[in-house]
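Contents: one structure, followed by commentary.
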Amino acid sequence: MGSAIKTSGLKPLAALSPRPPGQRPGAARYELLSRSFFNRDPRVISPELLGKVLVRRQGRKLLVGRIVEVEAYLGADDPAAHSYAGRTERNAILFGPPGYVYVYFIYGNHYCLNVSCLPDGTPGGILFRAVEPLLGIEEMARARDVEVNSPRDLPKLTSGPGRLAEAFGITRERDNGKDFTSRKSDLFVASDGFPASNVLVTPRIGITKAVDHPYRYIIAGNPFVSGPRNLINLR
DNA sequence: ATATCGATTATCT
DNA sequence: GATAATCGATATG
């Protein structure tokens, strides 16, 4: 506590995350993603999720981040997935209908945000690994207790699954089970018309099982992608 | 720049 | 009792 947070005047790295021509962040029109969008294989959804925006309504404030990195997790075929060993109380959301928020707590410290995929009864999900902050940067900096003095500091806010969860105030207690496709929800995903480009597929990171599968999807070159810069191994 | 390590707790064996 | 879909700090080149 107590460390000053200076964000006044800071803008998102607009050059690196272009919007539709002439559109400013506050003017974005968000189009919700549908239930059927998530009712598919997470490996098909993942690249389409890149470039979409994650939105948190916080009272009057809006927290918005451009999705730049996700990972797909499957069911019985995927030893790295939480659903691999079958349904439990913790992972129940992954076995439910598509488009719902799955949050888990890890390493005694961090929350991670996922969305359920595939039809009711078939497990699968997508882990949100990094977003580029667009709106609510001051609020994110406060939530992270990070000092942002230059654009170079911005990745500290939302680059990494634990970081983005903290920046958006995401916890299991607060958010697990929410409908990701409802505007009534205070946490949802939407399209603002920005088309994802330069999508690259790599092996997933931070796991010890099934490390060979290329199920990590990133916007190549985007500075908010997490992990070592060299971990952009093509497969 | 890369490598290693400690923190801290819910969940599962 | 061990592990974990992580992070931040420290050490070393």
Side-chain angles (χ1 to χ4, degrees), chain A residues 1-3 5 38 41-43 45-47 49-50 54 65 67-95 100-118 123-131 133 140-149 152-177 180 201-218 223-233 235:
Chain A
M1 290 278 295
S3 68
I5 296 165
F38 292 105
D41 189 306
R43 292 166 296 188
I45 302 171
S46 286
L49 216 41
L50 298 180
L54 175 67
I67 301 165
V68 301
E69 176 185 4
V70 298
E71 281 177 357
Y73 286 88
L74 310 179
D77 299 334
D78 185 1
H82 282 187
S83 49
Y84 179 63
R87 181 179 189 137
T88 67
E89 189 174 352
R90 174 177 71 151
N91 66 23
I93 299 292
L94 292 176
F95 287 79
Y100 286 86
V101 175
Y102 169 57
V103 180
Y104 63 87
F105 187 62
I106 190 73
Y107 292 112
N109 280 303
H110 311 286
Y111 291 96
C112 294
L113 170 69
N114 304 254
V115 61
S116 64
C117 302
L118 294 168
I126 295 172
L127 168 69
F128 289 72
R129 291 198 53 91
V131 304
M140 295 183 198
R142 202 177 309 129
R144 292 270 301 120
D145 195 21
V146 158
E147 202 173 318
V148 178
N149 294 311
R152 296 267 168 227
D153 299 327
L154 288 174
K156 288 233 165 307
L157 298 180
T158 55
S159 181
R163 288 169 172 174
L164 85 84
E166 187 170 36
F168 278 72
I170 291 165
T171 68
R172 176 175 173 82
E173 296 72 22
R174 180 179 178 189
D175 297 305
N176 195 51
F180 225 166
V201 185
T202 84
R204 296 174 292 190
I205 61 183
I207 57 173
T208 59
K209 301 164 208 159
V211 293
D212 294 336
H213 292 119
Y215 294 164
R216 174 173 173 255
Y217 303 79
I218 65 178
F224 293 88
V225 171
S226 75
R229 307 294 292 180
N230 259 351
L231 207 50
I232 298 173
N233 308 319
R235 287 197 68 89

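Here is how names work: the chains are called A, B, and so on, in the same order as the sequence lines, proteins then strands, and each is numbered from 1. Just so it is clear, the model here is predicted, and its values are computed rather than measured. Just the heavy atoms: all of them, side chains too, but no hydrogens, waters or symmetry mates, feed the values below.
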Between [N] atom [atom2] and [X] atom [atom1], what is the distance in whole Å?
X	N	atom1	atom2	result
A/His82	C/dA4	NE2	P	10 Å
A/Tyr107	B/dC5	OH	C1'	13 Å
A/Arg90	B/dT13	CZ	C1'	13 Å
A/Ile205	B/dT2	CD1	P	13 Å
A/Asn109	B/dT11	CG	P	15 Å
A/Arg216	C/dT6	CZ	P	11 Å
A/Leu113	C/dT6	CG	C1'	15 Å
A/Lys156	C/dA9	NZ	C1'	11 Å

Subject >> Neighbour count above 12 (heavy atom, 6.0 Å) for A/Tyr84 OH >> reply: no
For A/Tyr73 and C/dA5, is the gap between ring centres under 5.5 Å while the planes differ by less than 30°?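 Yes, A/Tyr73 stacks on the base of C/dA5, since the ring centres sit under 5.5 Å apart and the planes are within 30°.
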- Task: Classify the side-chain pair A/Arg172/A/Tyr111 by whether it contains a donor and acceptor separated by less than 3.5 Å.
- Result: no
Does [X] reach a base, just sugar-phosphate, or nothing at all? Heavy atoms under 4.0 Å.
X	value
A/Leu127	base
A/Lys209	sugar-phosphate
A/Phe105	sugar-phosphate

(Q) Within residues 159-177 of chain A, which residues have any heavy atom lying less than 4.0 Å from an atom of DNA chain C? (A)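 Here the set is A/Gly160, A/Pro161, A/Gly162, A/Arg163.
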*asked:* Looking only at the side chain of A/Ala85 (C-beta and beyond, no hydrogens), which of the listed nucleotides C/dC7, C/dA5, B/dT13 gets closest?
replied: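 Of the candidates, B/dT13 comes closest.
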Phosphate oxygens OP1/OP2 of [N]: is one of them under 4.0 Å from a side-chain N or O of [X]?
X	N	answer
A/Thr208	C/dT3	no
A/Arg129	C/dT6	yes
A/Thr88	B/dC12	yes

Between A/Arg43 and A/Asp78, is the closest basic N to carboxylate O distance under 4.0 Å?
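A salt bridge is absent here (no side-chain N lies under 4.0 Å from a carboxylate O).
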Could you check whether the side chain of A/Tyr104 and the base of C/dA5 have a donor-acceptor pair of N or O atoms closer than 3.5 Å, going by distance alone? yes
For A/Asp175 and A/Val103 the tightest heavy-atom approach is CB-CG2, 4.2 Å
Original post:
So, for A/Gly125 and A/Pro42, which heavy atoms are closest and what is the spacing to 0.1 Å?
Top reply: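 Residues A/Gly125 and A/Pro42, closest heavy atoms: O-CB, 3.6 Å.
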- Task: Please work out which of the three classes, parallel, tilted or perpendicular, describes the rings of A/His213 and A/Tyr215, given edges at 30° and 60°.
- Result: parallel
Checklist entry - Would you say the side-chain atoms of A/Glu71 pair up with the backbone N or O of A/Arg129, donor to acceptor, closer than 3.5 Å? => result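 Answer holds: no.
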Partner of A/Phe128 under ring-ring contact (aromatic ring centres under 6.0 Å, His included), picked from A/Phe168, A/Tyr73, A/Phe180, A/Tyr102, is A/Phe180
Paired to C/dA5 by Watson-Crick or G-U wobble criteria (both distances under 3.5 Å) is none
